[in-house]
Amino acid sequence: MKEFFISSNDANQRLDKFISKTMPTLPKALMYKFIRTKHIKLNGKKAEISTRLKEGDKITAYISDEFFTEAKPKYDFLLASDKLNIVYEDENILLADKPQGLLSHPDENEYNDTLITRIQKYLYLKGEYEPEKENSFKPSLANRIDRNTGGIVIAAKNSEALRILCDKIKLREIDKRYLTVVHGVPVKKEALLEGYLQKNQDKNKVFLQKHKNDENLSIKTYYRTIARKNGLSLLEIELLTGRTHQIRAHLSSIGHPLLGDGKYGKTKEDKKLGFNKQALYSYKLTFTFNTDAGILNYLKNKTFKVKSVWFAEELFGYTLN
């Protein structure tokens with residue numbers, strides 16, 4: 001028999017999800033049977049698998065000790081690099097400036113050294129993240145950006161902050177701005193671009209369409225021209241929708257592909273100029289809360305920027321204030 005007490009970081013998740021995380025060697029079919037037959041109880045009573053846990057709840061598991069066998073802790077995130085550029089940090093969140101070329105999350109090709117594993121390692125070494133004391137939570141990213149895009153990514157240090165951040169992103173109460181360099185000079189200095197984005201999974205690309213259908217998604221991209229030089233333009237981008245490859249595909253569709261973009265740009269021409277990575281950076285973030293943000297209310301109307309954006313400085317001498 002073993003007891004689990006629900007902490008604030010474990011609250012608000014389903015009973016079955018919590019058990020799967022805390023007893024990973026317990027087969028799911030057997031877990032459902034144990035819940036149904038009251039071998040696993042919530043606060044001394046039978047509970048539905050979909051019951052949402054609350055802080056202070058007690059789960060009692062009357063099952064074989066073999067399912068409680070714990071392997072010696074091995075934290076893969078400790079293999080991550082120590083390099084981490086922090087834009088802002090407090091007790092609830094961390095804003096990191098992700099370098100271009102670094103994955104936000106692990107994938108099939110890179111598991112150990114990603115932005116989230118670097119953050120977990122950093123918090124672990126600081127003593128702010130103690131995996132052995134957590135039943136199911138670990139520091140997580142509230143948003144992500146493509147591997148070849150750099151800039152601000154938001155990490156949550158606790159489950160309540162993560163829940164709030166995810167809600168605010170869905171409600172579009174977090175304003176993210178990008179800097180990019182495109183080929184050519186847009187006719188209008190600033191404009192709202194609209195269209196419909198269609199994914200092609202086989203080619204791992206998206207395509208812009210003029211009319212709505214059952215498969216495409218509407219997109220809105222606002223740009224403002226900051227500087228022009230040598231046939232290139234420095235733009236600030238506001239995403240009014242957030243879709244896969246939206247900025248890259250939308251600007252390419254109007255004849256202004258991103259400098260260094262190997263998928264939607266002028267690859268051969270850019271390589272001759274020495275640009276092998278796309279000029280796209282998430283450089284500024286503002287918490288534009290207009291509904292209650294709970295423990296994060298103190299962030300309302302606060303703006304954070306990265307210190308510099310390499311292509312803006314190199315090509316246009318543009319520095320961030």
Could you walk me through whether K21 and E134 satisfy the salt bridge (Lys or Arg N to Asp or Glu O under 4.0 Å) test, starting with their C-alpha distance in whole Å, then the side-chain angles of each, then the deciding distance to 0.1 Å, before giving a yes or no? CA-CA 11 Å; K21 293 175 184 176; E134 296 287 351; over 6 Å; no
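- Residues T149 and Q278 have side chains that bring a donor and an acceptor to within less than 3.5 angstrom of each other.
- Pairs passing the ring-ring contact (aromatic ring centres under 6.0 Å, His included) check and including a residue from residues 228-282, sequence neighbours excluded, read H245-Y264.
- One N or O on the side chain of T37 and one on the backbone of K33 form a donor-acceptor pair closer than 3.5 Å.
- Looking only at distances, a side-chain donor or acceptor of D261 sits under 3.5 Å from a matching main-chain atom of K263.
- Between the N112 side chain and the L79 main chain, no donor and acceptor come within less than 3.5 Å of each other.
- Shown here for P186 and Y223, the closest heavy-atom pair between the two residues is CB-OH, 3.5 Å.
- For the 3.5 Å distance criterion, the side chains of Y129 and N158 fail to qualify, holding no donor opposite an acceptor.
- A distance of 14.0 Å separates CG of L115 from NZ of K83, quoted to the nearest 0.5 Å.
- Remark: side-chain polar atoms of T60 are not paired, donor with acceptor, to backbone N or O of E3 under 3.5 angstrom.
- Side-chain contact between D90 and L299: present, with at least one pair of heavy atoms (C-beta onward) separated by less than 4.5 Å.
- Remark: the Y283 side chain and the E236 side chain contain an N/O donor-acceptor pair separated by less than 3.5 Å.
- Within a 6.0 Å sphere centred on NZ of K133, heavy atoms belonging to other residues, nucleotides or ligands number 12 at most.
- A donor-acceptor pair shorter than 3.5 Å cannot be found between the side chains of Y196 and E215.
- Here the side chains of K168 and L165 are not in contact, with every heavy-atom distance at 4.5 Å or above.
- The aromatic rings of F4 and F18 lie perpendicular to each other, with more than 60° between the two planes, well past the 30° mark.
- Using a distance-only test at 3.5 Å, with no hydrogens or angles considered, a donor-acceptor pair links the side chain of T225 to the main chain of K189.
- Taken from OG1 in T221 to CZ in R248, the straight-line distance is 13.5 Å, to the nearest 0.5 Å.
- At least one donor-acceptor pair under 3.5 Å links the side chain of K98 to the backbone N or O of R147.
- Under the 3.5 Å distance criterion, with hydrogens and angles disregarded, no donor-acceptor pair is assigned to the side chains of Y222 and E194.
- Inspection of the N216 and H211 side chains reveals no N or O donor paired with an N or O acceptor under 3.5 Å.
- Note on K157 versus E91: no salt bridge recorded, every NZ/NE/NH1/NH2 to OD/OE distance being 4.0 Å or above.
- Under a 3.5 Å cut-off, the side chain of Q100 and the backbone N or O of N148 do form a donor-acceptor pair.
- Residue K138 qualifies as open at atom NZ: its count of foreign heavy atoms under 6.0 Å is 12 or below.
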Verdict with supporting geometry, D270 and K268, salt bridge (Lys or Arg N to Asp or Glu O under 4.0 Å): CA-CA 5 Å; D270 290 342; K268 292 182 179 179; over 6 Å; no
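- Between the side chains of T291 and E173, at least one donor-acceptor pair of N or O atoms lies under 3.5 Å.
- Note that the CG atom of L197 and the OG atom of S218 stand 9.5 Å from one another [nearest 0.5 Å].
- Judged by distance alone, the side chains of D82 and Y122 never bring a donor and an acceptor atom under 3.5 Å apart.
- Ion pairing of K272 with E269 is absent here, as no side-chain N (NZ or NE/NH1/NH2) approaches a carboxylate O to less than 4.0 Å.
- At most 12 non-hydrogen atoms from other residues, nucleotides or ligands lie less than 6.0 angstrom from NZ of K54.
- The pair R14-D16 meets the salt-bridge criterion, since a charged nitrogen lies less than 4.0 angstrom from a carboxylate oxygen.
- In this structure the side chain of N213 reaches within 4.5 angstrom of the side chain of Q198, judged on heavy atoms.
- At most 12 heavy atoms of other shown residues, nucleotides or ligands fall within 6.0 angstrom of atom NZ in K220.
- Closest approach of K38 and Y62 over heavy atoms only: O-CD1, 4.4 Å.
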Applying side-chain contact (heavy atoms from CB on, under 4.5 Å), run through I86 and L94 and close with a yes or a no. CA-CA 7 Å; I86 298 172; L94 182 151; 4.1 Å; yes
Should L103 and I116 be marked as a side-chain contact (heavy atoms from CB on, under 4.5 Å) after you check the CA-CA gap, both sets of side-chain angles, and the distance that decides it? CA-CA 9 Å; L103 283 169; I116 188 54; over 6 Å; no
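- The existence of a salt bridge linking E48 and R36 is excluded, since no basic side-chain nitrogen approaches an acidic carboxylate oxygen closer than 4.0 Å.
- Using a 3.5 Å distance cut-off with no hydrogens or angles, the side chains of D57 and N43 do pair a donor with an acceptor.
- The backbone N or O of T286 sits nowhere less than 3.5 Å from a side-chain atom of T303 that would complete a donor-acceptor pair.
- Using a distance-only test at 3.5 Å, with no hydrogens or angles considered, no donor-acceptor pair links the side chain of S308 to the main chain of W310.
- Of the N and O atoms on the side chains of S136 and D10, at least one donor lies less than 3.5 Å from an acceptor on the other residue.
- Annotation for I93 and A161: closest pair CG2-CB, 4.5 Å, computed over non-hydrogen atoms.
- Pairing each heavy atom of L84 with each of A96, the nearest pair is CD1-CB, 4.2 Å.
- For residues 23-46, the set of pairs meeting the ring-ring contact (aromatic ring centres under 6.0 Å, His included) definition, not counting sequence neighbours, comprises F34-H39.
- A donor atom on one side chain and an acceptor atom on the other are found under 3.5 Å apart for T241 and Q246.
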Pair I219, L239 - check side-chain contact (heavy atoms from CB on, under 4.5 Å), show working. CA-CA 9 Å; I219 59 171; L239 282 178; over 6 Å; no
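- Side chain of R177 to backbone of S282: no donor-acceptor contact under 3.5 angstrom is found.
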Working for side-chain contact (heavy atoms from CB on, under 4.5 Å), residues L234 and L315: CA-CA 9 Å; L234 176 66; L315 298 175; over 6 Å; no
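- Taking all atoms of both residues into account, the shortest heavy-atom contact from L162 to S140 is CD2-CB, 3.9 Å.
- Separating the SG atom in C166 from the CG atom in L171 is a distance of 11.0 Å, to the nearest 0.5 Å.
- Minimum interatomic distance between T117 and P106 (heavy atoms only, all atoms of both residues): CG2-CG, 4.5 Å.
- By the side chain to side chain contact (heavy atoms under 4.5 Å, CB included) test, K229 pairs with F316, sequence neighbours left out.
- Heavy atoms of other residues, nucleotides or ligands lying less than 6.0 angstrom from NZ of K17 number 12 at most.
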